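The sequence lines fix the lettering, A, B, ..., with proteins before strands; numbering per chain opens at 1. Just so we're clear, the structure is a prediction, and the values are computed from it rather than from any experiment.
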Number of protein chains: 2
Amino acid sequence: MEQKQRVGEKSPQAMPRPGGRAARIQAAVFKAVDELKQAGEELTVPAIATHAGVTPSTIYRRWGTLAELLSDVAVRHLRPDAAPPDSGDWRADLKGWLEQYAEEMASEPGRAMIRDVLAADRTDNACVCSAYTGQQLDVIRQRALDRGDSPPDTAVLMDRVVAPVIYRILFGRETPAGEYVAGLVAEVLGDGEG
Amino acid sequence: MEQKQRVGEKSPQAMPRPGGRAARIQAAVFKAVDELKQAGEELTVPAIATHAGVTPSTIYRRWGTLAELLSDVAVRHLRPDAAPPDSGDWRADLKGWLEQYAEEMASEPGRAMIRDVLAADRTDNACVCSAYTGQQLDVIRQRALDRGDSPPDTAVLMDRVVAPVIYRILFGRETPAGEYVAGLVAEVLGDGEG
DNA sequence: CCACTAAAGCAAATAGTTTGCTTTTAGAGC
DNA sequence: GCTCTAAAAGCAAACTATTTGCTTTAGTGG
């Protein structure tokens, strides 16, 4: 018989058997990570396992390493929960969105999440993460297109605006300020089209 | 007598007592890391210690964690060993330098080094790493200035050319190709001035 | 040359990880 | 709905890595 495969979610962390238990345990473990992080506890696999009411070996067998688990937790939080606000002025929306994005990513939790995503051996989470960003930009661009405007390509926005912000967060001594971010947007809008 | 402080190197890894032994052991450990990596061995602290003829506790006390050690090893390799070649045409030099930089960073060893640098808790190594890049760019810019030309600011080059390359390496599904890199340079040179 | 101290060695204790085996449970076919 | 199957969880015993207290070594300054 052929595969029926009605996968409930296409979330990170492929679940070859999407029955209730797998999901329940995954949720418990993710919650445990969040709660321990919140509480400022040491994030170790045994600690997470205990807090989640699960055996360490369960975590090791599902995720392999702590880094992979933390990476999955991070992408989860990096998934945007809403489309960028729509003010009717897509340039302003772009600027606003980027300012918020930069602030969020430059914050300590934000930086930690990026670090966690990148620390995993598996590279997919990083791609997913940047795909989320691209999708947000696409939403803003689509609104511009709908109004007959011609916004820069998503790839251009990623290169000119997202990449510099992330680069500075990862490699810079000080975190990118709002003024700097606004400058990036102004530039890409300024020379992308008259 | 005042401090004589003939510090052999001002390398990363502050050495409060620059006597011969500290340096010898550091070198032995770094070499051990390189050799084990080369040999495809599992990179663990005990393995490195054994290979370096040193106790694990020495490594733990000096570096704290494997991640910190690997980070220090990585910056060491990321330090440029020579100034960018000088062809007399700084635009060509810039393009050539970036192409080589991108290729090096996008290679498996290159990616691993960036990962290692970013994985450390201490954030200084990442800054040092980007400072190296800035210095290389400065050399090229200085040549342009010496000829009365007006190259883009280093910060602009970092944002427009280095950041996108690194972003794509870290977050992208496929590695930035030479054509793409050349395009970035062309753009920044194209609209930075005339 | 001696005293002083930072750093290394050593080894025991602790903590984290892996693994073989057993048990549970979701899903498929009847 | 009931059984069968196999993926995934539990358990516990190795195993490996990390931490730590104490001792020893070796640069540095007197």
Side-chain angles (χ1 to χ4, degrees), chain A residues 1-9 11-33 36-37 41-72 119-122, chain B residues 1-9 11-33 36-37 41-72 119-122:
Chain A
M1 297 75 191
E2 341 61 85
Q3 65 280 28
K4 290 192 186 173
Q5 288 291 102
R6 63 209 125 108
V7 181
E9 316 186 29
S11 65
Q13 195 56 235
M15 7 163 103
R17 197 164 178 172
R21 184 170 62 161
R24 221 165 30 244
I25 285 188
Q26 192 185 41
V29 170
F30 284 164
K31 190 151 79 78
V33 170
L36 290 178
K37 226 194 282 189
E41 302 282 334
E42 268 257 88
L43 237 46
T44 72
V45 172
I48 295 165
T50 302
H51 197 87
V54 147
T55 334
S57 66
T58 296
I59 295 182
Y60 286 119
R61 288 215 237 250
R62 265 181 81 144
W63 282 278
T65 67
L66 176 60
E68 300 284 334
L69 169 55
L70 295 183
S71 174
D72 283 352
D121 289 332
R122 209 160 24 95
Chain B
M1 294 83 178
E2 339 64 81
Q3 66 281 28
K4 292 191 185 172
Q5 285 291 102
R6 62 210 127 103
V7 180
E9 319 185 28
S11 66
Q13 194 56 234
M15 6 163 103
R17 198 165 178 170
R21 186 169 61 159
R24 220 162 34 241
I25 284 188
Q26 192 185 41
V29 170
F30 284 164
K31 190 151 80 79
V33 170
L36 289 177
K37 227 193 280 188
E41 303 281 334
E42 268 258 86
L43 238 44
T44 72
V45 172
I48 295 166
T50 302
H51 198 87
V54 146
T55 340
S57 66
T58 295
I59 294 182
Y60 286 119
R61 289 215 237 251
R62 265 181 81 144
W63 282 278
T65 66
L66 176 60
E68 300 283 334
L69 169 56
L70 295 184
S71 174
D72 283 352
D121 289 333
R122 209 158 24 93

Trainee: Glu41(B) CD to dA17(D) P: how many Å, rounded?
Mentor: 12 Å
Trainee: Would you check if the side chain of Thr50(B) reaches a backbone N or O of Pro46(B) as a donor-acceptor pair within less than 3.5 Å?
Mentor: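 Indeed, once roles are kept as given, a pair shorter than 3.5 Å links the two residues.
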Trainee: Please report the shortest heavy-atom distance between Trp63(B) and Gln26(B), naming the atom on each side.
Mentor: CZ2-CG, 3.9 Å
Trainee: Dump every N/O contact between nucleotides 8-10 of chain C and the protein below 3.5 Å, one line per pair.
Mentor:
{"residue": "dA8(C)", "atom": "OP1", "partner": "Arg62(B)", "partner atom": "NH1", "Å": "2.9"}
{"residue": "dA8(C)", "atom": "O4'", "partner": "Arg21(B)", "partner atom": "NH1", "Å": "3.3"}
{"residue": "dG9(C)", "atom": "OP2", "partner": "Thr55(B)", "partner atom": "N", "Å": "3.2"}
{"residue": "dG9(C)", "atom": "OP2", "partner": "Thr55(B)", "partner atom": "OG1", "Å": "2.9"}
{"residue": "dG9(C)", "atom": "OP2", "partner": "Thr58(B)", "partner atom": "OG1", "Å": "2.4"}
{"residue": "dG9(C)", "atom": "O5'", "partner": "Thr55(B)", "partner atom": "OG1", "Å": "3.2"}
{"residue": "dG9(C)", "atom": "O6", "partner": "Arg61(B)", "partner atom": "NH2", "Å": "3.0"}
{"residue": "dC10(C)", "atom": "N4", "partner": "Ser57(B)", "partner atom": "OG", "Å": "3.0"}

Trainee: For the residue pair Val33(B) and Leu43(B), what are the closest heavy atoms and their distance?
Mentor: O-CD1, 4.1 Å
Trainee: How close do Val45(B) and Pro56(B) get, counting heavy atoms only, and between which atoms?
Mentor: CG1-O, 4.2 Å
Trainee: Please identify each residue that fulfils side chain to side chain contact (heavy atoms under 4.5 Å, CB included) with Ser57(A), with sequence neighbours left out.
Mentor: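 Applying side chain to side chain contact (heavy atoms under 4.5 Å, CB included) to Ser57(A) gives Thr55(A).
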Trainee: What is the distance, rounded to the nearest whole Å, between atom CZ of Arg24(A) and atom P of dT24(C)?
Mentor: 15 Å
Trainee: Please state how far atom CG in Leu66(B) lies from atom P in dT16(D), giving the value in whole angstrom units.
Mentor: 17 Å
Trainee: Shortest non-hydrogen contact from Ala120(A) to Ala67(A)?
Mentor: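 Scanning both residues completely, I find the closest heavy atoms to be CB-O, 4.3 Å.
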Trainee: Which atom pair, heavy atoms only, marks the closest approach of His51(A) to Leu36(A)?
Mentor: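 Heavy atoms of His51(A) and Leu36(A) come nearest at ND1-CD2, 3.9 Å.
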Trainee: Using whole Å, report how far CD1 of Ile48(B) lies from P of dA17(D).
Mentor: 10 Å
Trainee: If a pair means Watson-Crick or G-U wobble with both distances below 3.5 Å, what does DNA chain D look like in dot-bracket form, with | marking bases paired to a different strand?
Mentor: ||||||||||||||||||||||||||||||
Trainee: Taking the side chain as everything from C-beta on, heavy atoms only, tell me whether Arg62(B) gets closer than 4.5 Å to Ile25(B).
Mentor: yes
